[in-house]
There are 4 protein chains.
Amino acid sequence: MSVQHHGNRHGRSEEARIAILEAADDLLAERGFDRVTIEGIAARAHVAKQTIYRWWASKTDILFDALIVDADEHFSSPDGGNLRSDLTDHLRQLVAFLTSTDAGIVWRALAGQAQHDETVAARLQTDFTSPQRDRDRAPFLRAQHRGEIAESADIDLAVDKLVGPIYYRVLITAQPVLPEFIDALVEQAVSRDGGRGPVRQIER
Amino acid sequence: MSVQHHGNRHGRSEEARIAILEAADDLLAERGFDRVTIEGIAARAHVAKQTIYRWWASKTDILFDALIVDADEHFSSPDGGNLRSDLTDHLRQLVAFLTSTDAGIVWRALAGQAQHDETVAARLQTDFTSPQRDRDRAPFLRAQHRGEIAESADIDLAVDKLVGPIYYRVLITAQPVLPEFIDALVEQAVSRDGGRGPVRQIER
Amino acid sequence: MSVQHHGNRHGRSEEARIAILEAADDLLAERGFDRVTIEGIAARAHVAKQTIYRWWASKTDILFDALIVDADEHFSSPDGGNLRSDLTDHLRQLVAFLTSTDAGIVWRALAGQAQHDETVAARLQTDFTSPQRDRDRAPFLRAQHRGEIAESADIDLAVDKLVGPIYYRVLITAQPVLPEFIDALVEQAVSRDGGRGPVRQIER
Amino acid sequence: MSVQHHGNRHGRSEEARIAILEAADDLLAERGFDRVTIEGIAARAHVAKQTIYRWWASKTDILFDALIVDADEHFSSPDGGNLRSDLTDHLRQLVAFLTSTDAGIVWRALAGQAQHDETVAARLQTDFTSPQRDRDRAPFLRAQHRGEIAESADIDLAVDKLVGPIYYRVLITAQPVLPEFIDALVEQAVSRDGGRGPVRQIER
DNA sequence: TTTTAAACGAGACGGTACGTCCTGTCTTGCT
DNA sequence: AGCAAGACAGGACGTACCGTCTCGTTTAAAA
């Protein structure tokens with residue numbers, strides 16, 4: 001295990017790489033996306049700007065590196081044996097990730113920037129949204145495999161109904177996503193007459 | 001009837017105001033949010049930078065002005081006599097607004113920027129999200145008044161379930177929001193056993 | 001004695017004129033020429049910018065108005081009966097004017113600006129330098145009239161030798177112009193072997 | 001031998017430095033001091049504004065750099081063996097410098113600005129006036145050394161009398177400084193009965 | 001007596017330049 | 001070869017004044 005150096009001919013400095021990612025993270029949390037600058041990162045990481053430009057194309061590129069590592073690690077897929085339990089578990093993990101982790105802060109910044117920049121949108125799709133969607137579908141797939149739900153079930157629609165309201169609260173209305181809210185979403189997804197509860201037609 | 005002013009004590013130049021809003025709109029559509037600059041707006045509107053700074057605090061402030069006018073005008077509330085019809089109408093208007101209007105482009109830029117800037121988030125809440133939420137609730141309120149749904153119905157939850165998936169598709173997954181998708185959302189909201197359809201439990 | 005008004009068809013407001021001249025003077029003394037601005041003068045004089053532009057072409061134009069009045073009033077021509085006495089009197093007045101009066105501050109600013117701006121140079125020549133030169137020549141002319149000096153005397157050269165060193169000290173070396181210095185200049189001008197004193201050839 | 005640098009850790013770009021000084025010089029000659037702007041210099045020198053601000057504090061600071069080089073080089077001190085000859089030589093050089101060189105244009109602008117700005121005045125004193133005064137005194141010091149004039153001679157006074165009228169003509173009266181004028185000044189400085197000539201008392 | 005026109009305070013306008021910050025590129029000497 | 005350092009050309013920021021303009025008010029001479 002060789003120690004990393006400041007300038008050598010053995011490849012990039014791991015020391016610098018980590019310092020840059022941490023500086024970017026810290027600056028994002030402290031000052032917000034618009035005031036994260038390459039110069040600011042370089043200064044805080046005690047690194048030359050050129051070292052950043054050598055390995056990353058932009059500040060969003062740095063943030064993606066900070067995001068990906070954490071996102072994968074965050075989610076576990078404990079199989080609780082039934083759909084309700086698995087969905088509840090999963091959605092709680094999702095909400096925790098989006099609202100209570102450093103990676104969630106990064107994700108939110110990138111999701112914001114994706115609205116401005118098609119390149120960011122594309123990479124966010126590839127690096128986060130798409131794998132995340134696979135994670136979102138997993139409980140349903142397991143339920144199908146188990147025979148708990150029909151093979152014909154429209155899982156994509158079910159996922160949209162389930163996670164859509166969560167992202168909506170996080171990005172748009174800034175309302176907290178409480179356990180009861182998650183439960184209501186799950187209830188609808190699993191119930192025979194799903195989601196009927198709150199707003200159902202009065203029987204005549 | 002009215003004479004053109006070019007700056008005097010009786011108020012600002014309407015001519016300049018409109019030129020600035022149009023320039024901002026055009027630049028946003030052509031170049032994207034990050035390349036909308038005050039200097040660019042001033043140049044395109046044939047206006048002095050100071051005239052912009054005199055009346056607006058930032059480029060997002062300008063975009064809010066461009067947004068508000070259009071948002072109000074966009075939505076009508078035709079009372080179709082039943083909840084399903086009203087919701088369908090309303091959601092189609094919402095989707096059209098978000099995805100197919102100039103104002104929708106502006107809204108998306110501001111929603112993105114709101115993830116970076118708490119000030120923008122606050123104003124977006126006040127100027128768009130909150131009144132829009134009132135518009136989203138209106139069909140349910142009319143249905144309650146009609147006796148179509150129970151007084152105890154949790155309208156806020158119903159709205160989240162209804163519009164959440166739409167915003168999610170527009171902002172996150174970039175999937176088109178087709179009529180069938182809207183219909184599926186509405187179906188769940190109005191049905192006695194709402195949303196059961198695609199993913200329902202297999203009866204045992 | 002009619003009171004002056006704010007806006008009428010009988011000509012300009014004397015009140016405004018004086019307030020502007022005083023504001024210009026004050027700002028020059030307090031902040032220096034470069035920070036005298038039309039806006040600053042207008043604000044301090046509680047006057048509209050247009051009122052300034054109506055009557056003056058530039059800030060130097062205002063300062064000329066402030067200068068001229070005082071310059072004329074400053075100099076007296078008491079005839080002391082002999083050249084030495086008259087020159088001494090006159091030079092002391094000149095030095096006092098240049099270094100110790102409000103008008104002297106204005107003059108110095110305009111003399112400085114004249115180095116940058118040919119228009120200012122021309123007006124300064126007409127309004128100050130040329131009449132001042134007449135005042136400088138007066139003692140010699142009286143001495144000629146009296147028969148004290150020859151009709152053939154080169155008065156222009158004598159004036160240059162006399163006042164040149166004074167302006168030089170005021171504008172260039174920033175040395176004080178003391179009475180002894182004036183006396184030395186006068187001594188040379190009036191003596192049969194003028195100015196020989198300090199640096200004379202050693203007799204062989 | 002030397003490679004061109006365009007900015008690196010080993011110091012500034014000599015190329016940029018020279019381009020900036022030349023641009024400032026040219027703009028001063030073409031447009032006058034007030035229309036020399038940092039932006040104009042940057043544009044003409046094909047240089048970024050920041051490069052100017054990195055090395056100079058103001059436009060006068062740039063002009064000082066343009067002045068100093070030339071001033072030193074301009075003056076030679078040929079020892080003609082006698083005071084009259086040396087003074088004549090020296091004054092002709094001075095007049096040529098002030099009125100007929102690029103550096104003279106710069107000097108005049110700075111001398112003008114020194115009347116407005118104490119900082120400029122101080123630096124002009126240090127960088128030009130004071131060393132120039134040493135050059136002005138040199139002929140007298142050599143004459144003393146030679147025994148041509150007394151040890152007790154007041155050289156400072158003699159210099160004021162000699163150069164004062166020249167600066168006066170250049171800055172104030174805008175009269176040309178002709179050889180005859182120089183001769184008359186020198187004549188007075190060296191003659192036993194110096195300066196008596198033009199305006200002397202009529203013998204009684 | 002009423003009308004009218006000049007000068008006024010106020011302040012918005014299109015502009016120019018300011019001095020600062022950050023971008024992305026480059027060059028160098030060190031390790 | 002990668003690095004820290006940092007100068008470079010460039011572009012946008014937000015501010016200060018420029019000189020012009022229009023407005024509505026004040027006022028005394030002209031009608």
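Remember, predicted model here, so these are calculated numbers, not experimental data. In what follows, chains carry the letters A, B, and so on, assigned in the order in which the sequence lines appear, proteins first and then strands, with residues in each chain numbered from 1.
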Write down the distance between [atom1] ([X]) and [atom2] ([N]), rounded to a whole number of angstrom.
{"X": "C:Arg31", "N": "F:dA16", "atom1": "CZ", "atom2": "P", "answer": "12 Å"}
{"X": "B:Glu14", "N": "F:dT22", "atom1": "CD", "atom2": "C1'", "answer": "17 Å"}
{"X": "B:Ile18", "N": "E:dC13", "atom1": "CD1", "atom2": "P", "answer": "13 Å"}
{"X": "C:Arg12", "N": "F:dT26", "atom1": "CZ", "atom2": "C1'", "answer": "18 Å"}
{"X": "D:Asp61", "N": "E:dG19", "atom1": "CG", "atom2": "P", "answer": "12 Å"}
{"X": "C:Ile52", "N": "E:dG11", "atom1": "CD1", "atom2": "P", "answer": "15 Å"}
{"X": "D:Ile41", "N": "E:dT16", "atom1": "CD1", "atom2": "P", "answer": "18 Å"}
{"X": "C:Trp55", "N": "E:dA7", "atom1": "CH2", "atom2": "C1'", "answer": "7 Å"}

Do [X] and [Y] touch side chain to side chain, with heavy atoms closer than 4.5 Å?
{"X": "B:Ile62", "Y": "B:Ile38", "answer": "yes"}
{"X": "C:Val106", "Y": "C:Phe64", "answer": "no"}
{"X": "C:Gln113", "Y": "D:Phe33", "answer": "no"}

- request: May I ask you to say what A:Trp56 touches in the nucleic acid, namely base, sugar-phosphate or nothing, with a heavy-atom cut-off under 4.0 Å?
  value: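 No contact at all - A:Trp56 keeps every heavy atom at 4.0 Å or more from the nucleic acid.
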field: salt bridge (Lys or Arg N to Asp or Glu O under 4.0 Å): pairs with one or both residues in residues 49-65 of chain C, sequence neighbours excluded
entry: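 Found C:Glu39-C:Lys49, C:Asp61-C:Arg123, C:Asp65-C:Arg123.
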message: Between D:Glu30 and D:Arg44 (salt bridge meaning N to carboxylate O under 4.0 Å), is one present in this structure?
response: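 A salt bridge links D:Glu30 with D:Arg44.
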message: Using a 4.0 Å heavy-atom cut-off to protein, can you give one letter per nucleotide of nucleotides 9-14 of chain F, 5' to 3': B if the base is in contact, S if only the sugar-phosphate is, - if neither?
response: BB-SBB
- request: Kindly indicate whether a cation-pi arrangement holds for C:Arg17 with C:Trp55, taking the cut-offs as under 6.0 Å to the six-membered ring centre and within 45° of the axis.
  value: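 Ring-cation test returns no.
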